[in-house]
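Each remark here refers to the structure printed beneath this line.
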Amino acid sequence: MNESCESGEVLFLQPIWDKLDSHRDLLSSPFFPVMFSFTANLLACAPYLLLDAMGPSWPFFHRYKMKPHYSIKPCTVTRCLSRISYNHSLFIFPATLLCRGLRSESRLRQAPSVPQLLTGVTLCLLLFDLLFFLWHLLHHRVPWLYRRLHSLHHQHSSTFSLSAQYAGVWEILSLQLLAVASPCLLTCHPLTEMTFFLLNIWLSVEDHCGYDLPWATHKLVPFGLLGGAPYHELHHQKFQCNFAPYFTHWDKLFRTYRKPSRGQPDDRETAERSRSGRGVARR
Ligand SMILES: [Zn+2]
Ligand SMILES: [Zn+2]
């Protein structure tokens, strides 16, 4: 998908691209991808962490919390932050250095048009969603893969924003690779790629945030195309359903879709199954 624009077309995104291009030294720094990912994740989590901290004293927001009685302990926040820092510094940083070395840098002076950017981001999300769905299904179908590589992410049967990145090294690296591969395979413009990365981080945090807010992305997209936090929360509780990260069509097609319903899930059963490695999907 080549995104070069025909001359004469008004490019609304050109000033943004010119501004970013003027910071080329920063963008091509070996530290940029890891700092981008780390900072974007924390910024996406910040509003939800604030809601968690305020709890019932902010009733307007608290009524949208999916498990109103679940409060996040400071030690859980610290453990998640340590894990995220550990993964980023020891694994994501060297992996991005390797990717940079393998990828040839192309310098584009022209920004994509708005329709090109929107199409590119949508296609990236659809491709990433499919790749993640297959990866996720496999890691629940094969007991060894679940126990050794995916069960750490399921330690949080009740999700909160930081649990989006709470995962083992293999999981984090493979999902980062799928995220990087999607715009590469579709030969997207760097601005489209950056927008996709930001949206990907946002949707992933939203999936785990623990709130079903009226302005959440899955409520803004029609026809139930996106599952959102209730859909992914159900995956953390039941294990054998809702494997796709964002869209619902693959789960519907593979008959693994389960519609979230309001109600108190059995956390004790979920926690026990997660601890014992019984999060493997039944066929
Ligand atoms: Zn899972
Ligand atoms: Zn999750």
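The first residue of the sequence shown is numbered 1, and numbering continues consecutively from there. As the structure lists them, so they are numbered: ligands from 1, and atoms in each ligand from 1.
- The Zn ion (ligand 2) lies at the vertex of an angle of 160° between the NE2 atom of H232 and the NE2 atom of H153 (rounded to 10°).
- The aromatic rings of F60 and Y64 lie perpendicular to each other, with more than 60° between the two planes, well past the 30° mark.
- Contact annotation: the side chain of F243 approaches that of H140 to within less than 4.5 Å [non-hydrogen atoms, C-beta and beyond].
- Considering the Zn ion (ligand 1) as centre, the angle to NE2 of H140 and to NE2 of H136 is 100° (10° rounding).
- Atom NE2 is the N, O or S atom of H208 at the shortest distance from the Zn ion (ligand 2).
- Ring orientation note: the planes of H150 and Y146 are nearly perpendicular, at an angle over 60° on the 30°/60° scale.
- Heavy-atom contacts from other residues, nucleotides or ligands closer than 6.0 Å to CH2 of W170 number 12 or fewer.
- Rounding to the nearest 10°, we obtain 170° for the angle at the Zn ion (ligand 1) between H235 NE2 and H150 NE2.
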Set out, in order, the CA-CA distance, both residues' side-chain angles and the distance that settles side chain to side chain contact (heavy atoms under 4.5 Å, CB included) for H156 and Y166, then state yes or no. CA-CA 9 Å; H156 294 109; Y166 189 80; 3.4 Å; yes
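- Residue H236 counts as close to the Zn ion (ligand 2), with an N, O or S atom under 2.8 Å.
- Its N, O or S atom nearest to the Zn ion (ligand 1) is what matters here, and for H154 that atom is NE2.
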